[in-house]
Amino acid sequence: MSAPAPEQLALHAAQLRARIAMLDHAYYVLDAPEATDAEYDQLMRALLALEDQHPQLRTADSPTQRVGGAPRADLAPAPHAVAMLSLSNALTDDEAQAFDMRVQAGLGLADPVYCCELKFDGLAISLRYRDGVLERAATRGDGSVGEDVTANVRTIRSLPLRLPGPVPPLLEVRGEVLMFRRDFERLNAHQRAHEAREFANPRNAAAGSLRQLDAAITAQRRLHFFAYSMVQGDGEEDTTTAPDSPTGDPNPNPNMPAVTRAGSQWALLDALQELGLPVCEHRARVQGIAGLRDFYETIAQRRDSLPYEIDGVVFKVDDFQQQRRLGSVARAPRWAVARKFPPSEARTQVLGIDVQVGRTGAITPVARLAPVEVGGVVVSNATLHNEDEVRRKDIRIGDTVIVRRAGDVIPEVLASVPELRPADARAFVMPASCPVCGSAIERGEGEVIARCSGGLICPAQRKQALLHFAGRRALDIDGLGEKLVDQLVDAGLVSHPAGIFALDLPTLQKLDRMGEKSAANLLAAISVARTTTLDRFLYSLGIRHVGETTARDLARHFGSYAALAAATEAELLQVPDVGPVVAQAIRQFLDDARNRAEVEALLGTLQVAAPPPAARSQALGGVSFVLTGTLPTLSRDEAAARIEAAGGKVSSAVSRKTRYVVAGAEAGGKLAKAQELGIAVLDEAGLLALLEQTGGN
DNA sequence: CGTCCTCGAGTTCC
DNA sequence: CTCGAGGACG
């Protein structure tokens, strides 16, 4: 085969570039992808291969030369008169301490004064005001040249387009553009509703919104801005003689604008604020390493309750003269450092997508991930919830994905990174039959969850049913966990709950790694579980839609299993919170012959006591509480029991009807919600005091 | 009939 | 903890 002519190759490369540019425009600008990711990827690979073989074809504007958030062709380049530096990072307390030591050494000064601020997880932006009028807004870009995003930045409501009062003829304000969590969630809900791709996090959403070509779209996205620094004139380094006092009191020239007079970062922030620029309220002026630590700790605790995301805090030497003496190295100033929080997000690869079978037969896709550390633990699995979710987030096997494990414990796959998708990435396909028992998988009309139709034929469902039965909130059989249930079911020793009570020592000892001692312990635990209460018993049966609360309501209403079994659907409807769906599910369970036999067998071996009576104390008269976080001494159950004993109600979600939120350590979203709704927040001591007070009389 | 509230179910790691 | 969905209530 003969080599194609060079002109032909050049033409081919140009065609590929044009096609890719067109698809980029459709994807990033018009939000209307015109090709699948695989097609796009194929084009890109073809171009890369071509350029690799014929380097002379590689052009500076080739899409292959783009890295990450490279400037988009259609946004004008915006050079920075003074480079936008980044900050060096301190990832550990030791590194923060080293920074403080360097500053002390550089200044020959013990315990320097620092200005502490938040490190926003957004985009650095520079705003140029000429005679007080916003003239140009630019992204950081590579530090020396950014992108002109003036039209988009103008849509930020909190940003003054004209600065009042005396201002220098040319003033450049720097700060961060970010999206509040609330607006981010609203945006994603909107994207979801329009079947558009969701954003992985507020920062990506802010970046995407700011780089919109249509400023009308940016306007709808509700961006925010916080100012944190300033460059004067046309970029000459600030040489104004700063007043000796960092607060910048009496000034020789009172006509000079306050921003110009400021002799310290702290005073500058004040001055920016006076100009009507948004300045974040979370800042502090502190002394020495102890002060830096305090600020870091305080903010780390509040991190989750802030309305926007931050990835750390920033420490700056406060005094401008001192800053100048310290100077800059390479691309970062020596007088400032970013103390980062441990990352709560990480990228990793999807090795595969398996499905799990739950107690009710629910089929849940689970991503097997290349192990990655995020939020302090190594994550290797993450639920994908359901089929629709996988499709919506467009997560494929082989994809690189963003995983998050924030204040909450459960890792979540936020999004895939389409740029890093390999050509052989495979989409997830919901299997047609259960991987465990082979029964058909069905998904009801309008339902989100697909289910294995095998019922208790399915070993997976049987195992889950047994685990539920033995669970802490049901019969509470200590030691009967997943491993053991697996063994018992696989060995054919137990196939249904009543079978647990037929176990004996010789049978148990047939199992691997089951000595006499542990077997005896298990039998003792089973024996203890023979005595139970009606509410726990009803809950343990695993009737659909009957959870802990409904089981308790049923127990209280009917008083005995026999009474419940005799109830008609109409009678069931009399029970609080039982409607037609739940009543039917209960009736269906009771009418099934196998279930009846099972319950009969259980009742033959168990002693089921009448349910504990409802709280008699009316002290708290149905006041509604929500618990969140870890309390110092009480467990959550104990706290709930005490509240209920005093006649209060404990529910799981915060709403306007909630009177108190009891928050412990590492409280998450519920605390934030409580603050949002203005609901009283108690700590453990506050709760105990309240109980004491009301219970005492 | 729509809105809000609550419950049930599934889930990760050590 | 978060979702979906059932139930209560206006």
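Here is how names work: the chains are called A, B, and so on, in the same order as the sequence lines, proteins then strands, and each is numbered from 1.
- Judged by distance alone, the side chains of A:E309 and A:N201 never bring a donor and an acceptor atom under 3.5 Å apart.
- Between the C1' atom of B:dC13 and the CD atom of A:E482 lies a distance of 13 Å, rounded to the nearest Å.
- We find that CG of A:D388 is positioned 10 Å from P of C:dA5, with the value rounded to whole Å.
- Note: CD (A:E389) to P (C:dG4) measures 8 Å, nearest angstrom.
- Considering A:V403, A:V374, A:V378, A:L351 as possible partners of A:L369, the one that fulfils the side-chain contact (heavy atoms from CB on, under 4.5 Å) test is A:V403.
- No donor-acceptor contact under 3.5 angstrom links the side chains of A:T92 and A:D94, judged on distance only.
- The CD-P distance, from A:Q584 to C:dA5, rounds to 17 Å in whole Å.
- Nearer to the 5' terminus of DNA chain C, by closest-nucleotide assignment, is the contact made by A:R636 (compared with the other of A:A583 and A:R636).
- Whole-Å rounding puts the A:R368 CZ to B:dC13 C1' distance at 14 Å.
- In this structure, the CD1 atom of A:I586 is 13 Å from the C1' atom of C:dG7, given to the nearest Å.
- Aromatic pair A:F184/A:F199: centroids not less than 6.0 angstrom apart.
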Exercise. In B/S/- notation, 5' to 3', how is nucleotides 5-11 of chain B contacted by protein heavy atoms closer than 4.0 Å?
Worked result: SBBSSSB
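- Taking the six-membered ring for Trp and the full ring otherwise, the centers of A:Y308 and A:H224 sit at least 6.0 Å from each other.
- Below 30°, between 30° and 60°, or above 60°: for A:F341 and A:Y296 the angle between ring planes is between 30° and 60°, a tilted geometry.
- The NZ-C1' distance, from A:K393 to C:dT2, rounds to 11 Å in whole Å.
- Between C:dC3 and A:N386, no contact under 4.0 Å exists linking OP1 or OP2 to a side-chain N or O.
- Each of A:L627 and A:V575 lies near DNA chain C, and the nucleotide nearest A:L627 is the one positioned closer to the 5' end.
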